[in-house]
Visitor: 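The structure follows.
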Amino acid sequence: MISSGRTHYAAEVNDTMIGQQVRLAGWVHHRRDHGGLIFIDLRDRTGLIQIVCEPDNAGFDVAYRVRSEYVLGVTGVVRARPEGMVNAELASGQVEVVPSEVILYATAKTPPFNVTDAKLVDETLRLKYRYLDLRRPELTANLILRDRSLMAIRQFFHRHGFLDVETPALARSTPEGARDFLVPTRIKPGHFYALPQSPQIFKQLLMVGGLDRYYQIAKVFRDEDLRADRQPEFTQIDVEMSFVDQEQVLDLMESMLHDLFKAVLGERLERFERMTWHDAMRLYGSDKPDLRSGPPLCTLTDVARTLDWPVLREAQAVVGFTLRNYRPSRRELDQWGQQARELGANGLLWLVHETDGLRTSASKFLSSQDLARLADAAGSEPGDAVLIVAGQGWHPYEVAGQLRLSFARQAGRVEPGWRFLWVTEFPLFEWSEEEGRFVSAHHPFTRPVSEDEVLLESNPAQVRSQAYDVVLNGIELASGSLRIYQPELQARVFDVLGLSRDEAQAKFGFLLEAFQYGAPPHGGIAFGLDRLLMLMAGADSIRDVIAFPKTARGTDPLMDAPSTVDPSQLRDVHLEIRK
RNA sequence: GGAGGCGUGGUGUAGACGGCCUAACACGCAUGCCUGUCACGCAUGAGAACACGGGUUCGAAUCCCGUCGCCUCCGCCA
């Protein structure tokens, strides 16, 4: 079970093993020298165990010289700790090991930061010495969580008849979507591979290939700016299935997550909630609502129509939300007002609902009757406050949705728990102002809702898609759809996207051609594994669940990547750096 | 591309109303003492010119400008 250098890990040694000889190996976590009696806390990936050296023990001389992070092999006998000396914090705290031999495998320089200290140091330094950072129990635990999760996920898919198929990392650049990482090659001057943003097209081709059920734990790459939950390379749980409807995909993926949480965290999840995209926008001003952060928004447009104040009366949409039982300070109201303006709103209207009446930022413009009607429509009661945003389209919803999240965080009203949600019926297209055309909301292979197909040419903005997202606590975890498998329908969608037949042929011809040889109805989904693990681990950034992540600027302080290359390498791939 | 925050011994922080700072505290490190500790204890000691460059000033860690690095957010991420 364990290689010859040791018989047990630290956390495995316990009071059932008293009198037994064990071989342990690990790093010196702490050394406590009592002058003649030396304790060493030996650390491996499972935890700590106390080694006790008295002057007549073998290995005392080694123990005497040992410093933090030295690497030791210890052979010795397990014994019970004396009365009252048990350490309840340690798995092995009932016992200690008296060595008969201590091997010093390696000495260590004093580390640039304290591995044993829970206090976090500068992240760049941690990344530069990531191998030291990984020794910290939290990070070790996160990687163990990652391993356990991958195991549970693979078992689930295996059990359900999925095949793990690898797809190329050297693929071709496709239009739409994120910026590609390009890979030049000796073989064809001026031509580039692209690293996949997702295995999307390959998995669809696998369905045409009759593989029926595919999954892959796939590395994918996007050359875009980074965030706490975005890295230039990250891992997807990529899934595709043939001959399924949306309901079957949702059901199966939900049970995958149920299994995962049960197996790894011992958590029993509730059935996921469901919401259409339209409702998500209307009720939360977001396509990834955080259901933990208090009550939804309310649309006040109808009431606003009846008011005297033109700013509200003539606004296309008026949206409010109620701060239950909360009396905001002037400063908070100003701050939210500023946030609203930063998000592009013209302003923020607030009402504070006192027991003896309503205070408002717009007392000059709204009669007390009007105020009462607004407050009433927002469902507010004495002791509450209401924030109201007016504007066009979904914008006031989005602003109000942001304010809702800010308020919940500030006021400590984010409830604990795992609030999973399926968001469905995303629009098929979004209008892109900068490109002056419709672009795919999900991707160009997404299947429209059947009854909306007739609207493709007449009213593309109204077409709903058979696309769905998994949202957990306000974070998008997965995104998927049923795909188009009829070449004619695909051609119509390309038309809406403004992709000419020739362009479509040039860029996706291979896919269109494949669909002419008998494509099954199919659909799938892709999970952001790192985000999922981040939430499971309670981490603030996906960097904490990735062994060797990059900084927010995309650099790797450990290897110092990206780097310049030798001119001869550039010549090989027919590139010249523009000065 | 934009906004904000941060950058002080090995680490984490304090100092920031400019002079009391030839920079403080804790951890770590070194040396010594200590046979039951587990963030061991005690004593002694070494270690930074305050990210870098420029400016203001009699005088700058402390004010101003720029550069670099890191973090967060917006844009971007089908």
Side-chain angles (χ1 to χ4, degrees), chain A residues 29-43 48-57 60 67-69 81-90 92-93 96 98 109-129 132 174-180 196-198 200-201 220-232 234 338-339 342-344 398 402 405-406 426-430 432-435 438-446 465 467 476 479-481 493 497 499 526 528 531 540-541 543 550-555 557:
Chain A
H29 191 70
H30 277 127
R31 171 181 174 277
R32 294 178 293 280
D33 181 350
H34 287 254
L37 177 69
I38 299 172
F39 296 99
I40 292 170
D41 291 335
L42 193 70
R43 182 190 67 240
L48 301 176
I49 183 155
Q50 177 165 280
I51 312 295
V52 198
C53 283
E54 298 189 25
D56 47 350
N57 286 138
F60 183 82
R67 292 292 179 269
S68 285
E69 303 306 317
R81 293 193 182 195
E83 198 75 30
M85 300 298 161
V86 165
N87 183 346
E89 305 279 301
L90 299 185
S92 64
E96 58 196 10
V98 183
K109 286 167 67 174
T110 300
F113 57 88
N114 196 343
V115 175
T116 68
D117 197 339
K119 215 175 354 180
L120 282 188
V121 308
D122 174 67
E123 198 171 353
T124 319
L125 195 70
R126 290 172 53 202
L127 290 180
K128 180 165 181 194
Y129 297 96
L132 296 179
T174 53
E176 315 255 327
R179 203 171 289 121
D180 286 316
Q197 300 170 25
S198 89
Q200 184 60 37
I201 291 173
V220 300
F221 308 85
R222 294 177 186 179
D223 193 4
E224 296 291 348
D225 285 349
L226 310 183
R227 289 283 195 285
D229 61 354
R230 284 172 13 195
Q231 284 271 302
F234 63 102
Q338 194 194 333
Q339 190 185 350
E342 278 167 9
L343 292 167
E398 288 166 348
Q402 285 293 328
L405 294 180
S406 301
F426 278 74
L428 189 61
F429 306 107
E430 288 165 359
S432 165
E433 285 296 338
E434 65 186 273
E435 295 186 54
F438 282 104
V439 297
S440 295
H442 184 50
H443 59 55
F445 319 113
T446 305
S465 67
E476 180 193 315
S479 197
S481 65
V493 168
L497 294 173
L499 208 60
R531 283 185 189 174
D540 294 324
S541 160
R543 292 188 296 270
K550 299 192 170 44
T551 67
R553 295 284 300 278
T555 64

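Here is how names work: the chains are called A, B, and so on, in the same order as the sequence lines, proteins then strands, and each is numbered from 1. Basis for what follows: all heavy atoms, side chains included, without hydrogens, waters or symmetry-related copies.
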Visitor: Assess the pair A:Phe39 and A:His34: is the distance between their ring centroids shorter than 6.0 Å?
Guide: yes
Visitor: Can you name the residues that form a side chain to side chain donor-acceptor pair (under 3.5 Å) with A:Glu430, not counting sequence neighbours?
Guide: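 With sequence neighbours excluded, A:Glu430 shows a side chain to side chain donor-acceptor pair (under 3.5 Å) to no residue whatsoever.
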Visitor: Does A:His30 place a side-chain N or O at less than 4.0 Å from the phosphate oxygens OP1/OP2 of B:A39?
Guide: no
Visitor: Has the side chain of A:Arg222 got a donor or acceptor that lies under 3.5 Å from a partner of the other kind on the base of B:C77?
Guide: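 Donor-acceptor pair under 3.5 Å: no.
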Visitor: Measure the distance from CZ on A:Arg32 to C1' on B:C42 and round it to the nearest whole Å.
Guide: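 My rounded result for the distance is 17 Å.
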Visitor: Excluding sequence neighbours, so at least two apart, what forms side chain to side chain donor-acceptor pair (under 3.5 Å) with A:Glu83?
Guide: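 Scan of A:Glu83 (side chain to side chain donor-acceptor pair (under 3.5 Å), adjacent residues dropped) gives none.
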Visitor: Under 4.0 angstrom, heavy atoms only, what part of the nucleic acid is A:Leu48 near: base, sugar-phosphate, or nothing?
Guide: nothing
Visitor: Can A:Glu123 and A:Arg543 be counted as an ion pair, charged N to O under 4.0 angstrom?
Guide: yes
Visitor: Using heavy-atom distances to pick each residue's nearest nucleotide on RNA chain B, tell me which of A:Pro444 and A:Pro111 is more 5'.
Guide: A:Pro111
Visitor: Return the nucleotide paired to B:A3: Watson-Crick means purine N1 to pyrimidine N3 with N6-O4 or O6-N4, wobble means G-U with N1-O2 and O6-N3, both under 3.5 Å.
Guide: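 Looking at the geometry, B:A3 pairs with B:U72.
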Visitor: Using Watson-Crick or G-U wobble geometry with both distances under 3.5 Å, which nucleotide pairs with B:C25?
Guide: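 Answer to the pairing question: B:G12, which forms a Watson-Crick or G-U pair with B:C25.
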Visitor: Under 4.0 Å, heavy atoms only, any strand: does A:Arg227 hit a base, just the sugar-phosphate, or nothing?
Guide: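 Base contact - A:Arg227 has a heavy atom under 4.0 Å of at least one base atom.
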Visitor: Separation of A:His443 atom NE2 from B:C77 atom P, in whole Å?
Guide: 15 Å
